[in-house]
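Heads up: the structure comes next, in structure tokens.
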Amino acid sequence: MPQLLDGLNPEQLAAVTLPHQSALILAGAGSGKTRVLTTRIAWLLQTAQTSPLGILAVTFTNKAAKEMQTRLGAMLPINTRGMWIGTFHGLANRLLRTHHHEAGLPQVFQILDSADQLSAIKRLLKSMNVDTDKFEPKKVQNFINNNKDAGLRAQHVESYDPYMRRLVEFYAAYDEQCNREGVVDFAELLLRSEELLARSDAIRRHYQQRFRYILVDEFQDTNRLQYRWLKHFAGMDSALMAVGDDDQSIYAFRGAHTGNMNEFQRDYAHDNIIKLEQNYRSHGNILDAANALISKNPTRLGKNLWTSADAGEPIRVYLAYNDQEEARFIAEEAQALHREGIALNDIAVLYRSNAQSRVLEHALFSAGVPYKVYGGLRFFERQEVKHALAYLRLLAFPDDDGAFTRVVNFPTRGIGARTLEQLIDAAQQSSSSLWKTAYAKYADAPAGKGLAGFVHLIRAMQEATLGVTLPEAIEHILQASGLMAHYVAEKDGQDRVDNLNELINAATVFINDADAIANAEDNGGLMASFLAHAALEAGTHQAGEGHDALQLMTVHAAKGLEFHAVFLTGLEEGLFPSEQSMSERDGLEEERRLMYVAITRARRRLYISHAQSRMLHGQTRYGIASRFLDEIPVELLKPINKGYAPAVEQYATPAPRTAKQHSSSPWRMGMNVRHAKFGVGVVINVEGQGTDTRVQINFGGAHGVKWLSLEYAKLEAA
DNA sequence: TTGTAACACGTTTTT
DNA sequence: CGTGTTACAA
């Protein structure tokens, strides 16, 4: 036991060995949060304060859950089976499978991922003859999900106008459709299980008595529904530990409710707050920069990171002429670091938006620097994999209309829109599924072309896959459906073929996993289990682990990670902080937290770069340095491009041909001008008209960026 | 039914 | 500028 607690600082120790009571742990970036969480569980078990059954540990991502399991396994020679460690959605799924009857679900309910949900909504709107120009499916999807995340069913949503009333109607109809088809979307997993716990005293009491210790990771990211969900598990005898960092809350845009932290304080922790403020990751200057920046946020729970490490290097600031030059600089600098012996894997290039990655990729490719971009499609989200899974779903649960429509004409077999429309109408008439309707009509017909052929194909596949293993079934489906042949024939289909083969592989791995087999018993079979796994855990973004490559990702994606060196790019007003965040409530604060997250990813070296101009949406935009740069104490920064104030001439660019919006002014963006006092600069913004015109000019060097009113300032073209 | 051409649009994202 | 989606002709 002493070993377990070795090396913990006093605050960490206090959190780990907290007696049977609730507490809020404010855990700053790099303060050993995950370690505390896992050591706490290990300590509870080792000191026999509870059995594995008494523990409920909730995370947001599969990665975090897995990491906890792994670390726990390394600390204690126990099997983690029976312990409820998982994601909100994973655990909600488990709950609903166990109590599917009470929850009003078929045992083998399917899980819709976002894309599935969207196509379900499109299908619904079509069947309701809705004009999708007026009601965009995406908007409808957001409306439904936002309400579910807030814990509201259609009948609870207040509508103020006809438009919203219509949305509520869609919400109700969508839920009806899901119930009819036995499918459940992500938000529904949580809402459905929350309602179940609220409704059934017996089930709730059972879990309340069972879970004596409840631990929640990344609590600042929880939404209202998730907090409500958690509360149901907390009985009289439960101790809750919520670990989070309000300064790292960057998911308000998807429903995260930081207020949960205050509510948790009130509801459970009372004044039991432990702050983990010692940072084990970064050098002093980096931490000072982060602290200074985040201190500009008005509403914080309050926390200041410190480190026993020395100040380290200054933060390098690079001002680039444009985005391409910025990218070139990063490519060169990364190579230099690599030559010094830093692994490319340990260097990250971060950006605010995905669109910025293209220029970077181009420069890295030209410079021959291996890189890896995070984000984009995940394995189980790729169309070929989804097609294959849809066949699988259809075989096991033929009434799944979503799966049916997905593959009925893929690969193409001559079943057009017209045929399908007739089928949908007929199904609606008899209020039955598409499969049942088609089957009733063509089961006895000869296996011809079109729908009849499809019905017979599915029947044949059902028979052929009876009693074979899951990978064998998938292999057969790929062949019999013609999917494999389709992609083999496609000219750029090799990746897709590889993915389909990988799917067989994934199924093999899955059925060899002991836990999965055990779970399958109560989850309605191995196939249902595998499909749930595919939906809940979309897999990695890209293959090709193991190669040393520069890491490219958005700041969001970098949360929770750390690197020896970090390049933080595009620090320009309108980009970071983003333009649209400015119009959102508390938008700037969230952007600042995002910046805070970005800075604290770096262990030893941090580069911050910005560009004077940048290609955005096909046109050149002139940006000024982000205000976040000004919020970092200047003594922590070290300009690194030749004195930081290169000759303005070097940046001279021809004025944009068309600057219509500013046509009333003789001054154009990008234009070189001379000011009596400040010298030569570049116009980077023009605002107002006539005598009210103000121009923003970058003079570089000591004078920097200034707004000048044309009424007073004497300017001349340079 | 399928392929091409015009067209719209353009933060952040996990489950 | 580049991509993804829709509209229309073959």
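Just so we're on the same page: letters track the sequence lines, and every chain starts at 1.
If you measure from atom CE of Met582(A) to atom C1' of dT12(B), you get 16 Å, rounded to the nearest angstrom. Atom-to-atom, CG of Asp323(A) to P of dC1(C) comes out at 13 Å; the value is rounded to the nearest Å. If you take CG of Leu420(A) and P of dT2(B), they are 13 Å apart, rounded to a whole angstrom. Between Glu218(A) atom CD and dT15(B) atom P there is a gap of 12 Å when expressed in whole angstrom units. Protein atom CG of Leu189(A) is 13 Å distant from nucleotide atom C1' of dT14(B), rounded to whole Å. Summarising the geometry, the separation between CE on Met595(A) and C1' on dT12(B) is reported as 16 Å, rounded to the nearest angstrom. Rounding to whole angstrom units, CG of residue Leu575(A) and P of dG10(B) are separated by 16 Å. In this entry the distance linking CZ of Phe253(A) with P of dT14(B) reads 9 Å, nearest Å.
Contact annotation: Thr554(A) side-chain N/O to dT13(B) OP1/OP2 distance is under 4.0 Å. Listed pair Asn62(A) / dT15(B) meets the phosphate criterion, a side-chain N or O lying under 4.0 Å from OP1 or OP2.
With P as the reference atom, dT5(C) and dT12(B) are 15 Å apart, rounded to whole Å. Distance noted for atom C1' between dG2(C) and dT13(B): 22 Å (whole Å).
Distances were taken from every side-chain heavy atom of Glu591(A) (C-beta onward) to each of dT2(B), dT15(B), dT11(B); the shortest belongs to dT11(B). Of all nucleotides listed (dT12(B), dC1(C), dT14(B)), dT14(B) comes nearest to the side chain of Thr61(A). Of the candidates dT11(B), dT15(B), dT12(B), dT12(B) carries the atom nearest the Asn354(A) side chain, counting heavy atoms from C-beta on. For Thr87(A), counting side-chain heavy atoms from C-beta on, the closest listed nucleotide (dT13(B), dT15(B), dT11(B)) is dT15(B).
Judged by distance alone, with hydrogens and angles left aside, the side-chain atoms of Ser626(A) form a donor-acceptor pair with the main-chain N or O of Phe628(A) at under 3.5 Å. Between the side chain of Thr600(A) and the backbone N or O of Val597(A) there is at least one donor-acceptor pair closer than 3.5 Å.
Comparing Ile415(A) and Glu584(A) by the nucleotide of DNA chain B that holds the closest heavy atom to each, the one mapping nearer the 5' end is Ile415(A).
Among all heavy-atom pairs drawn from Thr569(A) and Gln356(A), the shortest one is OG1-NE2, 3.7 Å.
Here dT11(B) is in the syn range [glycosidic angle within 90° of 0].
Residue Tyr251(A) is classed as a sugar-phosphate contact, given heavy-atom separations below 4.0 Å to backbone atoms only.
For His533(A) and Phe510(A), the gap between ring centers is short of 6.0 Å.
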For residues 415-422 of chain A, run the donor-acceptor check on the side chains, cut-off 3.5 Å, and write out each pair with its distance to 0.1 Å, sequence neighbours left out.
none

